[in-house]
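Below you'll find the structure, written out as structure tokens, and then a few comments.
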Amino acid sequence: MRLILRALGHARIAWSGAVLLLLALAAAAAPGVAALIGADGDRVDLYQRLAPPSLAHPLGTDELGRDLLLRLLDGGRVSLLVGIAAALAAAGIGTMVGLGAGYRGGRLDAALMRLTDGIIALPLLPLLVVLAAIDLKKLGLPGWAVQSEAASLYRIIALVALVGWTTVARLVRGATLSLRAQDFVRAAVALGASPLRVMLVHILPNLASPVIVATTLSVGHIILLESVLSYLGLGIEPPLPSWGNMLTGAQETIGLAPQLALYPGLLIFLTVIACNFLGDGLQDALDPRARRR
Amino acid sequence: MTRFILLRLLQVLAVLAVMSFIIYALIGLMPGDPINLMLASDPHLTAADVARLKALQGLDQPLLKRYLAWAQAALAGNFGYSRLYATTAIAALAPRLANTALLMGVSFALSLVIALPLGAMAARRPAGALDTAANLLSFAGISVPPFWLALVLILVFAVALGWLPAGGIATIGDGGFLDRARHLALPVTVLTLASIGGYLRYMRASMIEALRQDYIRTARAKGAGEARVLWGHALRNALVPVITVVALSFGSLFSGALITETMFAYPGMGKLIYDAILGNDFNLALAGLLFATLLVLLSNLAADIAYAAADPRITYR
């Protein structure tokens, strides 16, 4: 029994990775396949509203008669793109903050970590709702940039990255603190390497595993956050589909077509849990001290 | 200790002051403005009227000046008038603050009562059956989109089975204890499941660490029973790092409350803030965000004080 469970623990990385890869591939291949068979996820067919599953529409259609399966795949592309792009941006900010704080120490460290803890402790969702509602034109951005279809995509990536870097920063700071005291770093300092060089050339490569783990975990977290904001109508704006905004309309038609409410949420759940398992598994694999006994 | 609490209270005030400025500036960047809203309701206003109104309301002043005027009024307890609720912002806010405190308090207590013992017991046999089950529960809890969980629960318990109400806070004309409890059941379930995972994982990790210490071996060697070792010796030490995590979690608890309240039409602060922002009710959104921040900061402070109670080694100066 114990052995089986342990084997499952190791298999976790494999299967969660496989699930994610499969989802990503399906979402990436969707437009190509759809074009090949002559289908289109954006095509409205008002005679086929809320249709039950059929051969032409394997999962049925939504409230505008669009094919649910194609919409799900398109939405997945958006959700995964936001998750990965924002997680990478957040990892970049977090690594810089953590590296600076951990290496410099002293006042800078205290100030940056106060800031990090402060951000973690704040009620972020209400603040994100305000940030998402901001009129970018009042910030002096040109109208064409605000009106374009991709604007909501870039905006949400920027917003989420702005608050998502804290986990990475804390982990990187911790790892930097212990690396800073090690002999190879002190040797580099003794040889006259500049602080920037020590940080970037000698410490940064050794931070790979905490950064990879934290980034993987935050992809899941960010996809969740994007879905919440899109659901509330403040994230990805229709007609561009995301798993979150597909659920917005589904609440009203839940009695007629419960599948509309079920599948997008199920896909978010599956993706996020796979990211979390992958991150947790990677942590066990990359950090021998944290390995469960 | 008193000195520590006073210092932390000062800190809370400082953070609140900074946040109030940031929020004030952000609200000013939201689409539309109060004068435009007045214009929409009265087409007879001329450009001269608009300029006069702007000057009257102080909207032609620079941001810092406007903020200081607002802060001065706010300090005197005047947060302005709510457009949506046609009453003062404070009067719209007060009852909702209590509702949210109830929802958050019950969910918080419930998730601790489940997560801490479960995490402690799971730590006894890592990778055992209980640990695996607890692990699955916590991963499911942190991975499920809360608004979707709420949708599914409404679908099952309110629509299909008809056991529980789909939303609101009380049946009109009832409002007894049992009625309130029935309305709280689903929102509390969603919020509890969303916050249980984090606590559970930290408790488990911290307990595993504690059980590896020398004093546990000593306790076992002197013949203490398993229950005494676990609950008497290990638990209290394992709790200390968990409390820091709990202290930082009130912000996300409030975020969860915003989603839960919106889904279940529960008249709380989260839904109020969301409605105020979407409805261009600037005064109310501002006051709501500020009180939410205050609620979270004070909860953090309470957790910091609990830290001292759990770990007598910590002295506050």
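Convention: sequence-line order gives letters A, B, ...; per-chain numbering from 1. Keep in mind that the numbers below use all heavy atoms, side chains included, and drop hydrogens, waters and symmetry copies.
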Close side-chain approach of Phe282(B) and Leu286(B), heavy atoms under 4.5 Å:
no
Per-residue tally against chain B (heavy atom, under 4.5 Å) across Leu127(A), Leu266(A), Asp117(A) peaks at Leu266(A)
With a 4.5 angstrom heavy-atom cut-off, is it the side chain or the backbone of Leu262(A) that approaches chain B, or both, or neither?
both
Checking the side chain of Asn276(A) only, and the main-chain atoms of Phe139(B) only, is there a donor and an acceptor separated by less than 3.5 Å?
no
Name the region of Ala140(B), side chain, backbone, both or neither, that has any atom closer than 4.5 Å to a heavy atom of chain A.
both
Where does Val144(B) contact chain A at under 4.5 Å (heavy atoms): side chain, backbone, both or neither?
both
Decide whether a cation-pi geometry holds between Arg96(B) and Tyr266(B); the criteria are a distance under 6.0 Å from NZ or CZ to the six-membered ring centre and an angle within 45° of the ring axis.
no
What is the distance from atom CE of Met19(B) to atom CG of Leu290(B), rounded to the nearest 0.5 Å?
8.5 Å
Go through the atoms of Ile142(B) and report whether side chain, backbone, both or neither lie under 4.5 Å from a heavy atom of chain A.
both
Side chain, backbone, both or neither of Leu232(A) within contact of chain B (heavy atoms, under 4.5 Å):
both
With a 4.5 angstrom heavy-atom cut-off, which part of Ile223(A) approaches chain B: side chain, backbone, both or neither?
neither
Please work out which of the three classes, parallel, tilted or perpendicular, describes the rings of Phe147(B) and Tyr231(A), given edges at 30° and 60°.
parallel
Tightest non-hydrogen contact, residues Ile268(A) and Pro145(B), listed as CG2-CG, 3.5 Å
Below 4.5 Å from any heavy atom of chain A, which atoms of Leu26(B) appear? Answer side chain, backbone, both or neither.
both
Taking atom OH of Tyr202(B) as the centre, report whether more than 12 heavy atoms of other residues, nucleotides or ligands fall under 6.0 Å from it.
no
Quick check on the interface: out of Phe250(B), Phe254(B), Tyr274(B), who has the most heavy-atom pairs with chain A under 4.5 Å?
Tyr274(B)
Considering only heavy atoms, which portion of Leu278(B) lies under 4.5 Å from any heavy atom of chain A: side chain, backbone, both, or neither?
side chain
Quick one: which of Ile120(A), Val228(A), Leu124(A) has the most heavy-atom pairs under 4.5 Å with chain B, could you say?
Val228(A)
Identify which part of Thr262(B) has an atom lying under 4.5 Å from any heavy atom of chain A, answering side chain, backbone, both or neither.
side chain
Scored by heavy-atom pairs under 4.5 Å with chain B, the best of Val130(A), Thr271(A), Leu128(A) is Val130(A)
Do Arg201(B) and Asp280(A) sit within salt-bridge range, that is, some charged N less than 4.0 Å from a carboxylate O?
yes
Proximal component of Ile277(B), with respect to chain A [non-hydrogen, under 4.5 Å]:
side chain
Hey, are Arg173(A) and Asp109(A) close enough for a salt bridge, meaning a charged N less than 4.0 Å from a carboxylate O?
yes
Is the Tyr24(B) ring parallel, tilted or perpendicular to the Trp70(B) ring (thresholds 30°, 60°)?
tilted
Tell me, side chain or backbone of Leu248(B) under 4.5 Å from chain A's heavy atoms, or both, or neither?
both
